[in-house]
Every structure is written in C-alpha cells, then in structure tokens.
Amino acid sequence: MKLRYFIPIVVALVAMFTGCSDGEDAIYLDNIKLSTSFVSINTNGSPTEVKLTANGDWSFDEKSVPEWLNISPMSGGAGEDISLKFSADAAEGRTAVVKLNCGGQTQEVNIIQGIAQVETATCAQVLAGADAKTYLVTGVCTAIANTTYGNWYLNDGSGEVYIYGTVDGSGNYNWASFGIEVGDEVTVQGPKTTYNGTVELVNVQVVKVSKSLIKVDSLSSKNPLPIEGGEITAAVTCKGNGIAVEIPADAKHWLFITATTAKSITFYAQPNAGGDRSTTVTFKTISGNKEYTSQATISQKGAILEVPVLDFLEAEVNDTQYRITGVITELYTSDKQGKSFYIQDYSGKVLVYRAEGFIEAGAKVGDVVTVVGKRGEYKETPQVVSGTFEKLNYPVTPVTINEFREKADDKDTYYMITGVVSEATEEGTKNDLEKYGNFNLTDETGSVYIYGVTAGWGGQKGTFGTLGVKLGDKLTIIAYKTSYKGLVEGVGMFFANEPAAE
C-alpha cells in the first residue's frame, strides 16, 4: 500500500477538546494558513472556531462537505485571522475530510464529531466491527512496514489488523520512542477505518509494550549471502523456555538449519541459480501459556534474469532482478523526479518507475536502452521498481526520409523515420505486408524501400503481419540504413502506427 498522509485524529480522542489544541502547530501553505487542519466538534454539535489567513479568494469544495457538517462562511476573500466556524447536529463518532482551495492550492481539513466510546476487542472483532469506532486491542507485532509514520501489523491469534500510523501523546509520529520490535506484545488504542478493502486502525496511541522474551541480536555473515551460498548464524537472546525456528515452506528448498545452541542458530543457503531471493525466519519461545516471537530476514544474491517484457509482466512480485532491453516509447510525466519512462520490446510495454541513472544518461524517447530492476506493481499494474538505468545501447535520431537516404550504411546506427506505407516500385523490390514487412515508406521529402520490419526490439523476422499495418497507414520505425546493388534500404523495428482513415 502506498503511504497516505493522515492528521492524527487520536489527539482529539485522548485530549477530548472541542477546538484547537494549544500544542498543535498551524498548517502553512503559500496561499493558505490555518490555525489547525484538525477540527473536533463535541457531541452536541456546537460550533468550533478555526482561524484562516488567505492570500486571495478562497472557498471550500462543496462536494467534500458532508450533509451533516455546517461550515460558516463557505467562501471569502483575502485576509488575516478570518473566523471559520464548524458545527453539526448532535451525534458522535462521525468523521470527514473537507477541502479548502485558494490560489491553486488545496488544504485538507480533518473533522471528527464526538468522543466515541473505546471498546476493548480482539483483532477479529475489529475486523468485523464498525468504522469510526475506537478500539483497544492487544496483540503481537508480526511485521513493521514503515518506521516514519509507524505502520505495522498486530496479531492476537484471532486475526491480524494493519496499524496505519502510530502517534505519541502529542499527536506526533515518533516511532523510535515506542521501542516496538517484531515479537513484542503491544496494546494500542485507535479508530477503525477501511481503505480499499483493508481494515486499519489509524494513528493509534500505544498503551503498553511488553518486550518479547526472544530477540535476534545479529546475523554473522554479510546479508545478502552470495550466489554460491554459504552459512549465516543468528545470535539469539532467549529468556523463555527453549527456541523453535520456523522457515517458511517456500524457502525450505534452499535454506537449512545446520547447528543450534542456546544462543545461536546456524543456517546454510544452497547455491542460487535463479534471481535474488529472501525469506523471513521466525524464532519462537514460550513462557507459561504465552508464545513470544522474533524474526530475521535472510537474503541471497542471484543471477539477473534477462527476459522480454512479456515474461516480466507475467512474473510474481518478489526480489528477483530482471534485465530488460527495449525502446523508450514515452516519459512518465507524473513522476516529478523525471526518472520514469515506458520501455517496449516486441512482446509488450511496461513502466520503469524511477530508474537511477536515467537522467544522467541523457536518454530520450526512441532510444534503445537496458534497465535492471524488480517486478513490482501499483494498483495491480506491473512496473519495474528499485531499478537502475544500465545502458544506453543505441541513441536514436529522428530524421526525414531524405536525410535517412543520405546517411552512411551502418547496421549499428539507428534512426527514427516516419512516413506513409506505400507500394514499392523500384526494380528488384517486392511488396510484403503479411510476413516480413517489405514496402516503401514515403514522407514529404522522399521515399525509401524498407526491407524487413520486426514487431519490436528483439523480435523475430517474419512477424510484421501481426501488427496489422496496411497501405496508407502512417508508420514510424527505428531503422538502420543499408544498400544492395545501389538500392537504398532501411531495415528496422516497429515503433508506432497511425491507421489510414477509411
């Protein structure tokens, strides 16, 4: 799940205030300054005042304001310390996020009405319970997803709940202060929400932490282990009765336990003929009727798998490294860092998200490049992540057909040419749109004979017919220039096609 930004609403539940907290900082944007971006309305619904300073005309987005919430005024002009009043009918446990717009900027304002009763519950009861209700839950931390906001998983045996944000008594994200580690028993309190089908307790407060009786202190070898495999020892501190080790089923074919003592467990990793791999090993101990756990992740380097785009798209999301070569078809402009682009070969197209070294390489649309990265996805759409721009194989220069004809014969220099597909008429030429791709390509500067076009970078000869290109289409290819018995030819690969109007 991608990180989302929540204003800590738990502050209101604990402090039980109805206006701005003295300790809460004002929220500053260039055009909007609010005394707080969190508004608490009491159960009676009486008005809560917030101060606004705006550099220009401002207004609340009416679509973001629920029917139960009243805001006065809803719009206005520039000014300082403008009084905004938020009120509602009597109720409790209601929340909303409203949007305030000014000068092209948007400030989100978080609203909660009433102090919901705290309910002590199991994880299973939280999963089945109502949103906006506040729960008190005790369980074991099974995994930590993010240490900036404090995102982690809590499991009490009846189920597992995702904790999205952990705040201290002042409402600040201060993960290090809690000292929570995998295996610790933790009691938290916070409101429930459901986001894209995932049940979450949001911006919880930590009530109690009971440290696990077992802890992995260190791993002896460099982690990840090398491709050829080897041993790695986990140094363990255990205050319980005995140690049990659990290796996940999908890792038992390559990772084994070779030695155990009261203070250490030694593992052996087999040589790795595939891509990068890793697994999380769980260490368990018991005391009385309680089980305590700790975890360690053991990784191993693997070969980089060189694959076509289609094979990458069909791979699972994991740590395996893939190498893909293809043509840059477009830049991904939503990436403000400017490191993302789409790469395409004969088998398909995929987004390369933030490849390190891309900007420095000076690559552009049309260039033939190689990238290395892992198979990731966003909203179930595959993408190359944690990637590196490995090589600019062939810089491709767009030229007119007349300019192309003037170039020297060179099978290692590529040009991008665009023209209308027409019949070849020169002596010694033939027309073939069904298999190999033989035809004339014509623009306003001239015409050139195309002797073979593959379906994309890395494609096999004889696949042009799969593209469905017809006479009259406007075709763009990436080609090198050659000649045969005085006939100028272009040999290339498909880039784009604009079908002729019927």
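None of the values given here were measured: they were computed from a predicted structure.
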Over all atoms of both residues, closest heavy-atom pair of [X] and [Y]:
| X | Y | value |
| --- | --- | --- |
| Pro66 | Ala96 | CG-CB, 3.7 Å |
| Leu100 | Ile32 | O-CD1, 3.6 Å |
| Val216 | Ala296 | CG1-CB, 4.1 Å |
| Pro499 | Asp473 | CA-OD1, 3.3 Å |
| Ala234 | Phe267 | CB-CE1, 4.3 Å |
| Val209 | Phe178 | CG2-O, 4.0 Å |

List the steps and the verdict of side-chain contact (heavy atoms from CB on, under 4.5 Å) for Lys133 and Tyr135. CA-CA 7 Å; Lys133 183 176 288 188; Tyr135 293 93; 3.5 Å; yes

More than 12 heavy atoms of other groups within 6.0 Å of [X] [atom1]:
| X | atom1 | value |
| --- | --- | --- |
| Glu434 | CD | no |
| Glu330 | CD | yes |
| Gln337 | CD | yes |
| Tyr451 | OH | no |

Can we say [X] and [Y] salt-bridge, meaning some charged N sits less than 4.0 Å from an Asp/Glu carboxylate O?
| X | Y | result |
| --- | --- | --- |
| Arg354 | Asp335 | yes |
| Glu377 | Arg375 | yes |
| Lys192 | Glu200 | no |
| Glu181 | Lys211 | yes |
| Asp367 | Lys364 | yes |

Under the side chain to side chain donor-acceptor pair (under 3.5 Å) criterion, do Asp410 and Thr413 qualify, and how do the steps go? CA-CA 6 Å; Asp410 187 351; Thr413 302; 2.8 Å; yes

So, [X] and [Y]: side-chain donor and acceptor under 3.5 Å apart, yes or no?
| X | Y | answer |
| --- | --- | --- |
| Thr142 | Glu160 | yes |
| Thr106 | Asn101 | yes |
| Thr370 | Asn393 | yes |
| Asn203 | Tyr173 | yes |
| Thr237 | Asp217 | yes |
| Asn196 | Thr198 | no |
| Thr466 | Thr463 | no |
| Thr297 | Thr280 | yes |

Side-chain atoms of residues 244-258: list all donor-acceptor pairs with protein atoms under 3.5 Å, sequence neighbours left out, distances to 0.1 Å.
unit_1	atom_1	unit_2	atom_2	d
Glu246	OE1	Lys284	NZ	3.1
His253	ND1	Asp250	O	3.3
Thr258	OG1	Thr266	O	3.4

Under 3.5 Å, side chain of [X] to main-chain N/O of [Y], donor-acceptor pair present?
| X | Y | value |
| --- | --- | --- |
| Gln125 | Thr122 | yes |
| Glu390 | Val371 | no |
| Ser299 | Ser278 | no |
| Thr320 | Gly275 | no |
| Asp345 | Ser347 | yes |
| Thr454 | Gly456 | yes |

May I ask you to check whether [Y] and [X] place their ring centres under 6.0 Å from each other?
| X | Y | value |
| --- | --- | --- |
| Tyr153 | Tyr162 | yes |
| Tyr394 | Trp457 | yes |
| Tyr480 | Tyr415 | no |
| Tyr332 | Phe341 | no |

From [atom1] ([X]) to [atom2] ([Y]), nearest 0.5 Å:
| X | Y | atom1 | atom2 | value |
| --- | --- | --- | --- | --- |
| Arg277 | Gln300 | CZ | CD | 4.5 Å |
| Lys301 | Asp319 | NZ | CG | 9.5 Å |
| Asn151 | Thr166 | CG | OG1 | 7.0 Å |
| Asn497 | Lys470 | CG | NZ | 9.0 Å |
| Ser59 | Lys99 | OG | NZ | 12.5 Å |
| Asn155 | Thr293 | CG | OG1 | 9.5 Å |

Among Val372, Ile324, Val309, Ile343, which residue satisfies the side-chain contact (heavy atoms from CB on, under 4.5 Å) criterion with Val384?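 The side-chain contact (heavy atoms from CB on, under 4.5 Å) with Val384 is passed solely by Ile324 among Val372, Ile324, Val309, Ile343.
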
List the steps, then state whether side-chain contact (heavy atoms from CB on, under 4.5 Å) holds for Ile417 with Ile477. CA-CA 6 Å; Ile417 54 177; Ile477 63 173; 3.7 Å; yes

Hey, can you tell me if Trp175 and Trp152 have their rings parallel, tilted or perpendicular (30° and 60° cut-offs)? tilted

From CA spacing to verdict: side-chain contact (heavy atoms from CB on, under 4.5 Å), Ile111, Val97: CA-CA 6 Å; Ile111 314 293; Val97 179; over 6 Å; no

Going through the checks in order, is the ring-ring contact (aromatic ring centres under 6.0 Å, His included) test met by Tyr322 and Phe312? CA-CA 7 Å; Tyr322 295 92; Phe312 177 85; 5.4 Å; yes

State, yes or no, whether a side-chain contact exists between Val186 and Thr138 at a heavy-atom distance under 4.5 Å. no

Taking C-beta and beyond as the side chain, do Pro308 and Asp311 meet within less than 4.5 Å on heavy atoms?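 Side-chain contact under 4.5 Å: yes.
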
For Phe404, does the six-membered ring have the charged nitrogen or CZ of Lys481 within the cation-pi criterion, i.e. under 6.0 angstrom from the centroid and within 45° of the normal? no

Dump the intermediate steps for salt bridge (Lys or Arg N to Asp or Glu O under 4.0 Å) on Glu185 and Lys208, then the final yes or no. CA-CA 8 Å; Glu185 184 180 77; Lys208 182 181 179 181; 6.0 Å; no

Side chain to side chain donor-acceptor pair (under 3.5 Å) assessment of Asp131 paired with Thr194: CA-CA 7 Å; Asp131 282 5; Thr194 303; 3.0 Å; yes

Passes side-chain contact (heavy atoms from CB on, under 4.5 Å), Ile298 versus Val281? Steps please. CA-CA 7 Å; Ile298 297 176; Val281 178; 4.1 Å; yes

